[in-house]
> 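There's a structure below that I have some questions on.
So that the names make sense, note that chain A is the first sequence line, chain B the second, and so on, each numbered from 1.
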Amino acid sequence: MTQVALPIVDRPAEKKIKLDHTNAARAFVTNPDRAPWHDESLWFVRSKRDKQASIIPEWEYLRSLASQVKTATIANLGDYLVEFERNATDAGAVVHWAADAKEHNRIVLGILRDHETTKIVKSKSMLTEECGLNHFLEDNGIDVVDTDLGERIVQLRHETPSHIVLPAIHLKKEEVGETFHEHLGTEKGAKDPKYLAEAARGHLRDKFLAGEVGITGVNFGIAETGGVVVCTNEGNADLGASLPRVHIACMGIEKLVPRLHDLGIFTRLLGRSATGQPITAYTSHFHGPRDENSELHIVLVDNGRSKLRQSDEFRAAMHCIRCGACMNTCPVYRRSGGHSYQATVPGPIGSVLSPTRDLKEHKSLPYACSLCGSCTDVCPVKIPLHHQLLAWRKEIGFMNLLSYDKRISMKAASILFRSAKLFSFAGWVGRKALKVLPHWVTHQRFNTWTIARELPKPPKESFRSWYAKNRNSETPKG
Amino acid sequence: MAVALFIPCYLDQFYPNVAIATLELLESLGLDVVFPTDQTCCGQPMANTGCNNDCAPVARRFVEIFSPYETIVCPSGSCTSMVRNHYDDYFEKGDEKFQHVKNRTFDLCEFLYDELKIKELKSDGKPVRFPHKVSLHQSCHGLRELRLSSCSENMTKRENKVRGLLDLVEGIEWCTLSRVDECCGFGGTFAVNEPDVSASMGRDRIADHVASGSEVMVSADMSCLMHLQGLIRREKTPIQVMHVAEILAGRPLPS
Ligand code: SF4
């Protein structure tokens, strides 16, 4: 260590009271241009995924295999981590362990300070996003450049990614044009994707050349070899890891697979599920530093994962390979946009993971779901996502975190449904009321059903009363 | 065979015609059908909100009422799925009454298709006809919890039980949707918790059916149709909705 200890600025994360999903989503979903366009863009990706999956005869077999491998890995995670550390160290990498986000950030900063660097290039990593690394480094005088095109766009706009694979999918090309005009000096009003991508490429090239340390995420860590695998479509991770002398790979502890042999299952599923490509364009393996002048640091991060591992109900969420397919298929995500989830990971898997961190803060997310189950069936590693969301609702009810009106209405319903007499009487009253009350009384703004929908037309009589008149015997027959 | 009808609460109160069609359809197939009049609701709204304590007595009551019957049939996928897939929380593992009800509760379509394996449909001695342009709305719970049909995400053999039954009806002209099994946005209490997203999903669903040239969208789940019909009536969209039981029972298009 050559460095005199510098002070570390570590702002506590701001605790904002979050809007519930319904309110956070409103502007997006009611915007007649944005929601349908966002929906279409993601549906297009989902359709590409279907096509790619359908030409693999063993697709469902691969999903089962992936799920089994993950279940076995998570069950023996401690052993595999030790094996991974040993093999990675043998290959010349330095392995660091971080219990939480804060420790992760401090480890990264420590490495940067050891190398007296203030310029880093960073390729896409949801883990560093989860840890708030960018802000932390910026607060400590480090210039962080995200090199994934989508991430660079949201970084320039001071936004967060709205999707884990397509970080800027919520933006239209006109908006990207504006951002680039402002920050990169492209022509005003430019919206040609090719022109804009070219401008970004030029801009990033300079940054790559100036970067002194490259940070990447990790898609897979291999216990048997101690290697890490990074998948990108733009090749930016390779540049970021190869141009600078120092590569820091930040990896959640659940990213392990036992053997190199298992990797093929996941790489075949990942590209197809994520974007409908047969394979991700760049799948790069790093086994130790590239030469004696270089360094590879691997930061293994827990940050709540061990706690998740202890939960029988939610453990399978650790299978996630962050392909984003559940977002692309989710009809709620497609219409409400990623930012409405107010969490690092949006969509179905985000709604499962966020409450594991802070249930109170994210308690509306398990309800931002129609329980259609499409996410569960699309998930390449078979996480029962919609059942986990339902399980969260149970937990929320159990913890007494439900709003007063929900609690009371469900109590009332329970009492009502315990008596056929009471139920038919209430039904009769309801049907009569619908018939005699003027439309404006039954269809007003306090009744959220009728904001966009008519109530059903009340029939003359209920089925039970029809039945009593038209069929008389009711003896149990066995 | 004796069959107990499980008519979900909202069908009983708002869609008696669907319940009557179900009853008459089953009777026309020679079954001995009863409606245990003490029934109310399966408890799904409470369970889906997370109020398991409020759901428990309703679920137990349900099993008490239906356990004496050999077979229980319900014209609604999501209510059937509630009993079959989500009741375990409320009963001890070895509870025989519950196990019986769980194993013997069927959605109407799967009962006709898997259990009775019907090969023809007659109404008043004549083959059932429905000479209209029809599009199929698949309810998510029927699709992905009861597997009434293979869903588009899974790369399994394509089978569709609801469509298989409707193919026994003469004269149907099928209209194809661009998104074959997209959710309509009802989702029980979701429809009132997330009204904007729910309505937006519903409108898109209707637009797809209308664009297919369909005159009537048919579904095995009236709850999806209740939500869609609410939007159709508000926006005066030129399309009708019908429950599959009504078509199988030979009912005409409502005028
Ligand atoms: S939960 Fe499944 S579908 Fe969603 S991102 Fe993770 S692996 Fe992909």
Side-chain angles (χ1 to χ4, degrees), chain A residues 21-22 25-26 29-30 35 39 43 50 53-54 59-60 329 331-332 335-336 367-374 376-378 390 393-394 396-398 402 406-407 410-411 413-414 417-418 420 423 427 430-431 448-449 451-456 458-459 461-464 466-467 474 476-478, chain B residues 2 7 9 11-14 16 19-20 32 34-41 43 45-46 48-52 54-55 57-58 61 68-70 140 144-145 151-156 179 182-183 185-187 190-201 204 226-227 229-231 233-234:
Chain A
H21 180 269
T22 312
R26 185 156 297 127
V29 62
T30 52
D39 168 58
W43 186 259
D50 292 351
S54 71
W59 182 258
E60 295 302 327
T329 207
V332 177
R335 284 174 185 77
S336 56
Y367 294 92
C369 164
S370 66
L371 296 175
C372 76
S374 179
T376 299
D377 277 338
V378 90
L390 195 55
R393 295 184 188 185
K394 225 191 301 178
I396 289 165
F398 178 72
L402 272 178
K406 270 190 203 157
R407 239 178 22 235
M410 290 303 135
K411 262 234 148 37
S414 175
F417 290 139
R418 278 179 238 177
F423 167 71
R431 275 181 289 114
T448 44
W449 175 272
I451 284 178
R453 293 163 286 226
E454 292 298 300
L455 287 162
E461 59 182 350
S462 66
F463 173 69
R464 65 184 63 233
W466 178 92
Y467 188 83
E474 197 246 309
K477 286 167 201 166
Chain B
I7 297 298
C9 52
L11 278 183
D12 174 34
Q13 293 299 321
F14 289 114
I20 297 169
D32 200 352
V34 288
F35 173 75
T37 48
D38 224 15
Q39 64 178 289
T40 55
C41 165
M46 289 83 101
N48 282 5
T49 310
C51 299
N52 276 37
D54 296 319
C55 183
V58 178
R61 194 174 169 276
Y69 299 94
E70 184 192 340
C140 297
R144 300 195 186 87
E145 298 245 309
C151 65
S152 55
E153 296 87 22
N154 282 359
M155 301 301 143
T156 43
R179 301 185 186 182
E182 172 96 318
C183 175
F186 174 60
F190 175 79
V192 286
N193 287 336
E194 291 261 2
D196 297 310
V197 178
S198 168
S200 153
M201 287 164 70
D204 290 352
M226 172 169 76
H227 151 75
Q229 193 179 36
L231 286 160
R233 282 185 32 218
R234 172 67 57 92

> Give a yes or no answer on whether the side chain of B:Ser198 reaches the backbone of B:Glu194 with a donor-acceptor pair at less than 3.5 Å.
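No; zero donor-acceptor contacts below 3.5 Å.
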> At a 4.5 Å cut-off on heavy atoms, which part of A:Ser54 comes close to chain B: side chain, backbone, both, or neither?
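Contact with chain B is through both the backbone and side chain of A:Ser54.
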> Which region of B:Arg61, side chain (C-beta onward) or backbone (N, CA, C, O), has a non-hydrogen atom less than 4.5 Å from a non-hydrogen atom of chain A, or is it both or neither?
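Interface part for B:Arg61: side chain.
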> So, are A:Arg335 and B:Asp196 salt-bridged, with charged N and O less than 4.0 Å apart?
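Salt bridge between A:Arg335 and B:Asp196, a charged N being under 4.0 Å from a carboxylate O: no.
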> For chain B, find which of A:Ala413, A:Ala25, A:Gly427 contributes the most heavy-atom pairs closer than 4.5 angstrom.
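The residue among A:Ala413, A:Ala25, A:Gly427 with the greatest pair count is A:Gly427.
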> What part of A:Arg418 is in contact with chain B, defined as an atom under 4.5 angstrom from a non-hydrogen atom: side chain, backbone, both or neither?
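Backbone plus side chain of A:Arg418, per the 4.5 Å heavy-atom cut-off to chain B.
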> Between B:Gln39 (side chain) and B:Ile7 (backbone), is there a donor-acceptor pair under 3.5 Å?
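Checked: pair present.
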> Any sub-3.5 Å donor-acceptor pair from A:Arg464's side-chain atoms to B:Thr40's backbone N or O?
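No.
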> For B:His227, does its backbone N or O pair with a side-chain atom of A:Arg453 as donor and acceptor, under 3.5 Å?
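Checked: no pair found.
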> Chain B heavy atoms under 4.5 Å from A:Trp449: which part of the residue, side chain, backbone, both or neither?
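It is both, since atoms from each part get that close.
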> Does any backbone or side-chain atom of B:Gln229 lie under 4.5 Å from a heavy atom of chain A? Answer side chain, backbone, both or neither.
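When you check distances to chain A, no heavy atom of B:Gln229 falls under 4.5 Å.
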> Need one label for A:Ile396: side chain, backbone, both or neither, based on atoms under 4.5 Å from any heavy atom in chain B.
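Neither; nothing under 4.5 Å.
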> Quick one: what part of A:Ala35 sits under 4.5 Å from any heavy atom of chain B, side chain, backbone, both or neither?
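Neither part, no heavy atoms under 4.5 Å.
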> Hey, does the side chain of A:Tyr467 reach the backbone of B:Phe35 with a donor-acceptor pair shorter than 3.5 angstrom?
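Yes.
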